[in-house]
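We use all heavy atoms of the structure for the numbers below, so side chains are in, but hydrogens, waters and symmetry mates are not. In what follows, chains are A, B, ... by sequence order, proteins preceding strands, each numbered from 1. Keep in mind the model is a prediction, meaning the values are calculated, not measured.
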Number of protein chains: 2
Amino acid sequence: MSPDRLSRTFAALADPTRRAILTRLRSGARTVNELAAPHAMSLPAISKHLKVLEHCGLITRGRASRWRPCRLKAAPLKEAVDWMEQYRRHWEDRLDRLEEYLQQLQHPPQAPSHERKK
Amino acid sequence: MSPDRLSRTFAALADPTRRAILTRLRSGARTVNELAAPHAMSLPAISKHLKVLEHCGLITRGRASRWRPCRLKAAPLKEAVDWMEQYRRHWEDRLDRLEEYLQQLQHPPQAPSHERKK
DNA sequence: ACATTATTAAACCACATGGTTAAATAAAAG
DNA sequence: CTTTTATTTAACCATGTGGTTTAATAATGT
């Protein structure tokens, strides 16, 4: 039961090594060795990270003779940002206080919802 | 060695149950029981999810008599979106093709960068 | 005092994750 | 053909994650 793509994307982004790889790919396609170089870990470890990124669609891999150049595909990031954008109003300070005030009107701390009538 | 907050935030968002909880909290504070109700899992499971969300700052918990109302705090989402925004130009179609063309000029598939013999 | 309600803690389990080393594969170079 | 280079696979290991059930805690209601 593999999770949905949004979940896979967020999971992929949760690792600093993988984020570093994506950042590196912003300036163009790179081979596995090139991507591995800056990191203090084995090549198989990097290979696994790349597989994770590929599996959620954040990179694609071509074949150029004996190299497998990785290329950034940012589409899943759009999907993720779109999900988060729903919350923009919640993190913008101006509305935050009003927000909380309205929330308290709806759900006074003394008697949280549960059994209220419609 | 607990990971940085950005990593924790992405990890928190990688679970559909937790995203559903956050979505629910957009309309105001809710008690643990209220949040658990729509989900087919035990209360301790929900309690753990809330702990994850709290630990990365996506929710705060107050104390109102015997209830622990959870309240959304979207600030970490801003941090996450800010990171992703760097990639906006990569997912906007118009630039995508030009992007790839320029990347190929820089890193031709036949002989990737670093140890090319002249 | 006792039972009820809301929530958390503890102990446990299956499986995923992130790393390792050693070996396999594939293409290019000598 | 043999060696070298680039990368992946396999097997393994420690730790983390997401769930369970049972028990503890804490405040309220009777």
Side-chain angles (χ1 to χ4, degrees), chain A residues 1-4 7-21 29-37 39-56 59-71 107 109-116, chain B residues 1-4 7-21 29-56 59-71 107-118:
Chain A
M1 316 172 203
S2 78
D4 59 295
S7 297
R8 288 200 308 267
T9 301
F10 280 131
L13 295 175
D15 187 285
T17 302
R18 286 194 291 261
R19 287 201 305 277
I21 288 172
R30 291 286 183 277
T31 70
V32 179
N33 265 310
E34 287 173 323
L35 291 173
H39 300 281
M41 69 182 68
S42 67
L43 261 140
I46 298 294
S47 195
K48 281 187 183 183
H49 283 305
L50 294 176
K51 195 183 289 182
V52 172
L53 292 171
E54 188 179 25
H55 191 234
C56 73
I59 65 170
T60 56
R61 286 194 263 191
R63 2 200 115 78
S65 83
R66 67 179 142 170
W67 293 273
R68 304 287 165 79
C70 299
R71 190 178 303 279
H107 292 271
Q110 292 77 13
S113 66
H114 219 74
E115 291 172 283
R116 82 213 126 142
Chain B
M1 306 178 198
S2 79
D4 59 296
S7 296
R8 288 201 308 268
T9 301
F10 280 131
L13 295 175
D15 187 283
T17 303
R18 286 194 290 261
R19 288 201 305 278
I21 289 172
R30 291 287 184 279
T31 70
V32 179
N33 264 309
E34 287 172 324
L35 291 172
H39 301 281
M41 69 181 68
S42 67
L43 260 141
I46 298 294
S47 194
K48 282 187 183 184
H49 283 305
L50 294 176
K51 196 184 287 182
V52 171
L53 291 171
E54 187 179 26
H55 190 234
C56 73
I59 64 170
T60 56
R61 287 195 262 191
R63 4 201 113 77
S65 83
R66 66 180 143 170
W67 293 274
R68 299 294 174 78
C70 299
R71 190 178 303 279
H107 293 269
Q110 292 77 13
S113 69
H114 61 210
E115 256 187 295
R116 194 165 20 174
K117 287 173 187 173
K118 316 282 154 87

- Please tell me which of A:Arg68 and A:Ala45 maps to the more 5' nucleotide of DNA chain C, matching each residue to the nucleotide holding its nearest heavy atom.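 Of the two residues, A:Ala45 wins.
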- Query: Starting at the 5' end of DNA chain C and moving along, which residue's nearest nucleotide shows up first, A:Val52 or A:Pro44?
  - Reply: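 Residue closer to the 5' terminus by nearest nucleotide: A:Val52.
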- Task: Could you walk me through whether B:Arg63 and B:Arg68 pass side chain to side chain contact (heavy atoms under 4.5 Å, CB included), step by step?
- Result: CA-CA 5 Å; B:Arg63 4 201 113 77; B:Arg68 299 294 174 78; 4.2 Å; yes
Rounded to the Å, how far apart are [X] [atom1] and [N] [atom2]?
X: A:Ile21; N: C:dG18; atom1: CD1; atom2: C1'; result: 12 Å
X: A:Leu53; N: D:dT7; atom1: CG; atom2: P; result: 15 Å
X: A:His55; N: C:dG18; atom1: NE2; atom2: P; result: 14 Å
X: B:Leu13; N: D:dT17; atom1: CG; atom2: P; result: 14 Å
X: B:Leu50; N: C:dA6; atom1: CG; atom2: C1'; result: 13 Å
X: B:Leu35; N: C:dT8; atom1: CG; atom2: P; result: 10 Å
X: A:His39; N: C:dT20; atom1: NE2; atom2: P; result: 12 Å
X: A:Met41; N: C:dT17; atom1: CE; atom2: C1'; result: 13 Å

Under-4.0 Å side-chain N/O to phosphate OP1/OP2 contact, [X] with [N]:
X: A:Arg61; N: D:dT8; answer: yes
X: B:His49; N: D:dT17; answer: no
X: B:Ser42; N: D:dT20; answer: yes
X: A:Lys48; N: C:dT20; answer: no
X: B:Lys51; N: C:dT7; answer: no
X: A:Asn33; N: D:dT7; answer: yes
X: A:Ser47; N: D:dT8; answer: yes

What's the closest nucleotide to the side chain of [X] if the choices are [options]?
X: A:Ser65; options: D:dT7, C:dA27, D:dA27; answer: C:dA27
X: B:Thr17; options: C:dT21, D:dG19, C:dT8; answer: D:dG19
X: B:Asp15; options: C:dA10, D:dG18, D:dT9; answer: D:dG18
X: B:Val32; options: C:dT20, C:dT8, D:dT7; answer: C:dT8

- Item | Side-chain (A:Arg18) to main-chain (A:Ala11) donor-acceptor, under 3.5 angstrom |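 Pair found, side chain donor or acceptor close to backbone of A:Ala11.
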- Message: Tell me if the NE2 atom of B:His39 is crowded by more than 12 foreign heavy atoms within 6.0 Å.
- Response: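 Counting other residues, nucleotides and ligands, NE2 of B:His39 exceeds 12 neighbours.
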- Task: Please work out if A:Arg63 contacts a base, only the sugar-phosphate, or nothing of the nucleic acid, heavy-atom cut-off 4.0 Å.
- Result: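 The answer is nothing, as A:Arg63 stays clear of every strand by at least 4.0 Å.
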- Query: Is the closest basic N to carboxylate O distance between A:Asp15 and A:Lys48 below 4.0 Å?
  - Reply: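 Not counted as a salt bridge, because no side-chain N and carboxylate O are separated by less than 4.0 Å.
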- Query: Of all heavy-atom pairs between B:Ala64 and B:Pro69, which one has the smallest distance, and what is that distance?
  - Reply: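 What the structure gives for the nearest pair is N-CD, 4.0 Å.
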- Message: Tell me whether the side-chain N or O atoms of A:Arg66 pair up with the base of D:dT5 as donor and acceptor below 3.5 Å, since no angle test is needed here.
- Response: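 It does, because a donor-acceptor pair links the side chain of A:Arg66 to the base of D:dT5 below 3.5 Å.
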- Query: B:Glu54 and B:Cys70: side chain to side chain contact (heavy atoms under 4.5 Å, CB included), yes or no, with the steps?
  - Reply: CA-CA 9 Å; B:Glu54 187 179 26; B:Cys70 299; over 6 Å; no
